[in-house]
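The next block holds one structure in the form of structure tokens; read it before the comments.
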Amino acid sequence: MGYVAVKGGLEAIENSEKLLDFFRLKGGSSPVQVRQIQEQFRLAVDKVVGEGSLYAPYHAALALKQSEGDTIEASFILRAFSSTISRTHYSLPVKTTQMRIIRRISAAFKDIPGGQYLGPSRDYTQRLLNFELDSENKSHIKRFLHESELEYKKLSNEDIGMFPKVVDLLRKEGLVIDSKKQEFEEPFDITREAVAYPLARSGRLQAMARGETGGMLMIAYTSMRGYGDIHPTLGELRVGYVPVYINKNGEEIYAGEVLVTEAEVIARFISKDKTDKPRFTIGYGFCFGHNELKAISMAILDRTMQAEKPKVPAEDQEFVLSHIDGIESSGFCAHWKLPHYITFQSDLDRIRATRKKRGGDE
Amino acid sequence: MNDMNDVLKRKNRKYNFGFIDENSKREIRRKILKAVAIPGYQVPFGSRELPIARGWGTGGLQITLSLIGPDDILKVIDQGCDFSVNAVNLKRFIQKTTGVEITEDTLKATIIQTRHRIPEEKMGENQILVFQVPYPEVLRTVEPSEAVTREMHAEMNYSKLWVYLYEEIVKWGEITIGARYPVKVNGRYIMDPSPIPRWDVPKLHMAETLYLFGAGREKRIYAIPPYTRVEPLEFDDFKFNVESFDGKACSLCGSTDTFLDEIFNSETGQKTYICSDTSYCSKVSARKKVSHE
């Protein structure tokens with residue numbers, strides 16, 4: 001029955017909340033441990049820390065449990081949680097050359113200084129449903145880990161070291177146009193200041209780092225597929241841990257490390273005029289967690305939005321940035337479930353009046 | 001992990017009065033003051049993340065939370081109704097974080113937060129009505145870009161909207177805008193009054209009450225101060241009109257001068273009407289009962 005015309009909204013809400021737990025638990029399986037989600041649903045957690053814009057893998061895993069695996073809902077819970085925590089510092093710029101990498105590839109050069117590391121990747125797996133996973137048990141895991149750790153130790157004994165950036169090689173040759181060098185200052189913070197367009201690049205990058213993966217992928221794909229192709233080459237994609245420092249009274253203090261994905265695309269070259277030598281343009285993507293589609297999409301959108309006269313949707317800052325936030329888009333999409341009796345009553349009044357004008361019955 | 005849970009529990013207890021931190025509240029109040037100083041102008045603000053979904057009243061909520069004090073008496077309505085699920089949910093949240101008194105009586109409340117309606121009873125000078133706004137930009141129908149619409153407002157360039165209204169008349173013989181009917185405020189800015197029905201638009205004109213509008217997702221605050229001219233857009237030869245409920249009356253209280261919801265009775269298949277303002281409807285019913293006795 002209707003839940004608005006009658007009193008009893010509160011009771012309906014409370015029962016609905018109970019039903020959520022009922023549907024989550026009625027199968028009777030053992031409860032999912034938050035630690036299991038954090039470790040074994042690694043990529044879902046990474047999506048949530050990025051889109052929720054709070055690097056807190058434990059909280060993200062808890063939110064995923066609470067939301068029954070819905071990443072947008074989990075990101076929303078994480079965002080709401082973060083707004084209760086006071087913001088005490090902005091970090092110093094992170095140096096990704098200091099990244100402790102788990103994966104690093106370049107599609108531009110076969111051989112790059114430091115080498116390519118495929119790392120954990122599904123790119124070259126066959127997407128055959130793995131029925132063996134159904135019978136995975138603790139002793140399998142133990143044996144597997146024992147064997148892999150021997151292998152892995154060999155690898156980590158090698159000093160992988162720090163990697164120069166692939167794009168820096170081109171930079172040294174003068175083949176790259178850099179966006180205007182900016183002295184480090186407090187970045188534009190879209191969570192504190194109202195956004196106006198054109199938006200400072202720091203604000204653009206922040207909006208994308210918080211963006212929803214699917215939304216960004218979709219808009220970036222419009223550019224890749226044909227609406228304003230920027231002809232990207234993936235200069236470098238790296239995934240790994242970077243140290244974060246904060247400045248406290250002039251002193252650099254180590255605050256911990258975060259897992260991030262960084263992508264740099266080398267795109268269509270340009271020149272200022274007919275005599276100026278052409279140079280490549282660069283698009284930059286960076287997000288929390290291991291989320292390659294998002295970092296690459298972001299890099300492409302960073303480049304498309306550098307267009308001086310936007311011609312296609314992906315080049316239009318306002319079009320891209322006002323529509324990629326998953327918390328905003330999902331919230332507004334969900335709000336259509338709210339009652340719209342009044343506005344619809346107004347619409348009924350209008351359609352009846354208009355029909356009357358055309359003669360005959362309403 | 002237990003430690004972590006303890007941390008979370010402690011956090012739950014330590015929410016600030018009105019959830020939002022005091023600095024943010026102050027910023028929102030400053031933006032409200034600016035909005036009051038420039039009636040109908042959309043003031044951008046740093047909209048905060050709330051545990052309520054974007055699009056579900058977070059703009060109105062931020063205004064309410066930044067204004068509310070321990071002595072305030074709050075009423076929240078959605079579609080004119082105090083018991084609608086979303087109204088109940090917002091009330092639960094505000095009460096949990098402030099503990100203020102809640103009322104259903106329009107005349108008793110100091111702050112009323114609303115979605116899609118202005119109460120039927122006339123509000124006074126000591127009250128504030130806070131509107132939840134999905135689309136703050138009245139020009140969005142005719143111009144998708146925010147950068148461009150801000151320019152149009154600055155230049156008072158409203159020709160596209162006037163042409164839109166004119167074309168409606170040419171095409172349909174009527175202006176087909178149901179709710180969200182554009183109004184001109186204080187002779188300067190054209191404004192989206194939020195999705196209130198046209199029925200409520202005349203209540204905006206020279207009102208005694210301060211009207212505040214909050215759009216959380218779109219990050220805008222605007223206002224109509226008391227005793228401000230608010231005129232719906234109309235042509236000399238084509239006047240603005242409100243929804244018609246001719247010959248209809250509320251089936252509960254008998255009112256013929258209120259905005260009515262159309263109800264289909266699933267048993268008889270018949271259409272009946274009831275007041276959308278539930279608090280007003282029960283007041284009228286109670287009054288009638290008394291006079292009958």
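Numbers restart at 1 for each chain; the letters A, B, ... are given by sequence-line order, proteins then strands. Everything numeric in this text was worked out from a predicted model, so none of it was measured. Only heavy atoms go into these numbers, but all of them, side chains included; no hydrogens, no water, no symmetry mates.
Other residues, nucleotides and ligands place no more than 12 heavy atoms under 6.0 Å from the NZ atom of B:Lys171. Other residues, nucleotides and ligands contribute at most 12 non-hydrogen atoms within 6.0 Å of the CZ atom of A:Phe41. For B:Arg26, the CZ atom is loosely surrounded, since the number of other residues' heavy atoms within 6.0 Å does not exceed 12.
Contact tally against chain A (heavy-atom pairs below 4.5 Å) for B:Asp82, B:Ile20, B:Thr58, B:Ile52: the top residue is B:Ile52. Per-residue heavy-atom pair counts under 4.5 Å with chain A were compared for B:Val242, B:Ile175, B:Asn89, B:Asp21, and the maximum is reached by B:Ile175. Here B:Tyr135 is the residue among B:Trp199, B:Phe245, B:Tyr135 with the most heavy-atom pairs under 4.5 Å with chain A. Note: A:Phe332 leads A:Tyr197, A:Phe319, A:Phe332, A:Trp336 in heavy-atom pairs under 4.5 Å with chain B. Annotation: maximal heavy-atom pairing with chain A below 4.5 Å, among B:Arg115, B:Lys91, B:Glu27, occurs at B:Arg115.
The structure places NE2 of A:His335 at 10.0 Å from CD of B:Gln132, a figure rounded to the nearest 0.5 Å. In this structure, OG1 in A:Thr343 is found 13.5 Å from CD1 in B:Ile177, a value given to the nearest 0.5 Å. Rounding to the nearest 0.5 Å places CZ of B:Arg217 at 9.5 Å from OG of A:Ser329.
In summary, B:Glu168 and A:Arg350 do not engage in a salt bridge, as defined by a charged side-chain N under 4.0 Å from a carboxylate O.
Smallest separation of non-hydrogen atoms from A:Ala80 and B:Pro51: CB-CA, 3.6 Å. For the pair B:Trp172 and A:Arg358, the tightest heavy-atom approach, listed with the atom from each and the gap, is CE3-NH2, 3.6 Å. Shown here for A:Thr354 and B:Glu174, the closest heavy-atom pair between the two residues is OG1-CB, 4.0 Å. Considering every non-hydrogen atom in both A:Ile13 and B:Arg92, the closest pair reads CG2-NH2, 3.3 Å.
For a residue to count as touching a neighbouring chain, one of its non-hydrogen atoms must lie under 4.5 Å from one of that chain's; by this rule A:Leu348 touches chain B with the side chain only. For B:Arg198, the parts lying under 4.5 angstrom from a heavy atom of chain A are both the backbone and the side chain. Heavy atoms closer than 4.5 Å to chain A are found in the side chain of B:Phe19, but not in its backbone. When heavy atoms are compared at a cutoff of 4.5 Å, B:Arg48 approaches chain A solely by way of its side chain, counted from C-beta outward. Looking at B:Ser47, the atoms closer than 4.5 Å to chain A (heavy atoms on both sides) all sit in the backbone: N, CA, C or O. Neither the backbone nor the side chain of A:Glu73 comes within less than 4.5 Å of any heavy atom in chain B.
For A:Ala334, the side-chain contact (heavy atoms from CB on, under 4.5 Å) partners two or more places apart in sequence, or in a different chain, are A:Lys337, B:Trp56. Annotation: side-chain contact (heavy atoms from CB on, under 4.5 Å) contacts of A:Ile141 (sequence neighbours excluded): A:Glu136, A:Leu145.
The only member of B:Ile196, B:Asp200, B:Asp261 that meets side-chain contact (heavy atoms from CB on, under 4.5 Å) when paired with A:Ile342 is B:Asp261.
Side-chain N or O atoms of A:Glu318 include one that pairs as donor or acceptor with a backbone N or O of B:Glu146 at under 3.5 Å. In this structure a side-chain-to-backbone donor-acceptor pair under 3.5 Å is present from B:Gln79 to A:Pro339. Side-chain N or O atoms of A:Asp349 include none that pairs as donor or acceptor with a backbone N or O of B:Gly178 at under 3.5 Å.
Using a 4.5 Å heavy-atom threshold, the side chains of A:Phe76 and B:Glu49 count as separate.
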Between B:His116 and A:His340, is a side-chain contact (heavy atoms from CB on, under 4.5 Å) present by the stated rule, with each step listed?
CA-CA 8 Å; B:His116 294 191; A:His340 283 77; 3.6 Å; yes
